[in-house]
Amino acid sequence: MLSFTCDYTRGAHEKILKRLIETNMEQLPGYGNDHYCESAKEKIRRACECPDAEIYFLTGGTQTNATVIDSMLKKFEGVIAAKTGHINVHESGAVEYTGHKVLTLPGHEGKIRADELEAFLKTFWSDENREHMVFPGMVYISHPTEYGTLYTKTELEAVSSICHQYKIPLYLDGARLGYGLMSSCTDVTLPILSKLCDVFYIGGTKVGALCGEAVVFTHKNAPLHFTAMIKQQGALMAKGRLLGIQFDTLFTDDLYFTISRHAVKMAELLKKGFTEKGYSFFLDSPTNQQFIVLDNKKLEELQKKVAFEIWEKLDKEHTVVRFATSWGTKQEEIAELIALL
């Protein structure tokens, strides 16, 4: 059966597997205190053009979001996110489990708007009863968003400016960051993110690695004893070399960007095929996630041969579904899917 359910259904890029095998019998310090982790960090700093960046490797996206957010918020603070944001709808209340409320703003194709963020913060700080409320202590966004959409540089600058004005950090979830950076429709780069965000992470799990995410604190602002907090959240790998080797490989010879570009190219072929077959799109996504409106009868027929994600009901007769390409998607798979349409 063809599978387009997600971008982590395959294992890992062969170059990563090769490096893991080659280094398998080396005896190295644990918890990321090895030279492969240090090499990976230095390569990421260079890619971000941020020599002072503090970088940590965590096991997965949910653990990363919960750990970063919890570590940077005071006990009485919450995190602002789009109503459709990943931490609000697809992480089983992981952030709330740490004791912090997710404060939601309207989502505009997955994105928040700077003017609505400013209005939210202005309203809070002008409320005389705010001591009895959850304080907004951070802003969370993702790039790409849950809908595969992207922030422009101008939009990020506007959101970042509001955050600085109110002295709260801007945190960017980069689980699929490679696919956003390699979109032909973006003007955002790693150096730009390093300037505009207080912290973000570079996703590995969904972009060629077996597992792991690289958290980048951009302004020497990592919380005190952050490693201890990572361990408390169960996100610290004893064999930290496994994460370091993977990211060292991903950031060697631009592998991370090359395989991300491939996924976007496959999504563009998929998009072209759906368009030529007369299918409707729920929205226009320039990344590896494509959201298609299917007649329910066609959906049932297609499910017999193709795996994809059910996203939401559009009406009684139609359903929005998601097809995701990845670093490992083959052109022959795209052709086979299009033939089934």
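Any value given below was found using the heavy atoms of this structure, including those in side chains, with hydrogens, waters and symmetry copies removed.
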Problem - Verify same cluster id: Leu236, Val216 (apolar side-chain graph, 4.5 Å) - result: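 In one cluster with Leu236: Val216, no.
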Practice task
Answer with yes or no whether the hydrophobic clustering places Leu340 together with Met266; edges join I, L, V, M, F, W, Y residues whose side-chain heavy atoms lie under 4.5 Å apart.
Solution key: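 In one cluster with Leu340: Met266, yes.
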Practice task
Determine the sole option in Val79, Asn88, Ile80 for which the side chain to side chain contact (heavy atoms under 4.5 Å, CB included) test with Leu103 is passed.
Solution key: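 Going through the options one by one, the only one that passes is Ile80.
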For [X], give me all partners under salt bridge (Lys or Arg N to Asp or Glu O under 4.0 Å), at least two apart in sequence or on another chain.
| X | value |
| --- | --- |
| Asp284 | Lys271 |
| Glu333 | Arg10 |
| Glu14 | none |

Please report, to 0.1 Å, the donor-acceptor pairs under 3.5 Å made by any side chain of residues 255-264, with sequence neighbours excluded.
from   : atom 1 : to     : atom 2 : distance (Å)
Tyr256 : OH     : Gly178 : N      : 3.1
Tyr256 : OH     : Gly203 : O      : 3.1
Thr258 : OG1    : Asp254 : O      : 3.0
Ser260 : OG     : Tyr256 : O      : 2.7
His262 : NE2    : Thr329 : O      : 2.5

Flag for [Y]-[X]: side-chain donor and acceptor within less than 3.5 Å:
| X | Y | value |
| --- | --- | --- |
| Ser39 | Asp248 | yes |
| Glu49 | Ser194 | no |
| Asn65 | Tyr171 | yes |
| Thr152 | Thr154 | no |
| Thr319 | Asn296 | yes |
| Lys43 | Thr252 | yes |

Practice task
Sort and list the pairs that fulfil side chain to side chain donor-acceptor pair (under 3.5 Å) and have at least one residue in residues 117-144, not counting sequence neighbours.
Solution key: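 Output for this query lists Tyr140-Asp173.
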Handout entry: Close side-chain approach of Tyr56 to Lys41, heavy-atom, < 4.5 Å
Key =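 Tyr56 vs Lys41: side chains apart.
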Problem - Thr149 side chain vs Ser285 backbone, donor-acceptor pair below 3.5 Å - result: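 No; zero donor-acceptor contacts below 3.5 Å.
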Handout entry: salt bridge (charged side-chain N to carboxylate O under 4.0 Å, His left out): pairs with one or both residues in residues 186-200, sequence neighbours excluded
Key =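 Counting only pairs at least two positions apart or across chains, no salt bridge (charged side-chain N to carboxylate O under 4.0 Å, His left out) contact touches residues 186-200.
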Practice task
Test Phe291 against every option in Phe308, Phe282, Trp311 by the ring pair (Phe, Tyr, Trp, His ring centres under 6.0 Å) rule and name the one that passes.
Solution key: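 Going through Phe308, Phe282, Trp311 one by one, the ring pair (Phe, Tyr, Trp, His ring centres under 6.0 Å) with Phe291 is satisfied by Trp311 alone.
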Exercise for the section: Report, as yes or no, whether the 6.0 Å neighbourhood of atom CG on Asp115 holds more than 12 heavy atoms from other residues, nucleotides or ligands. Expected result: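 Count over threshold, so yes.
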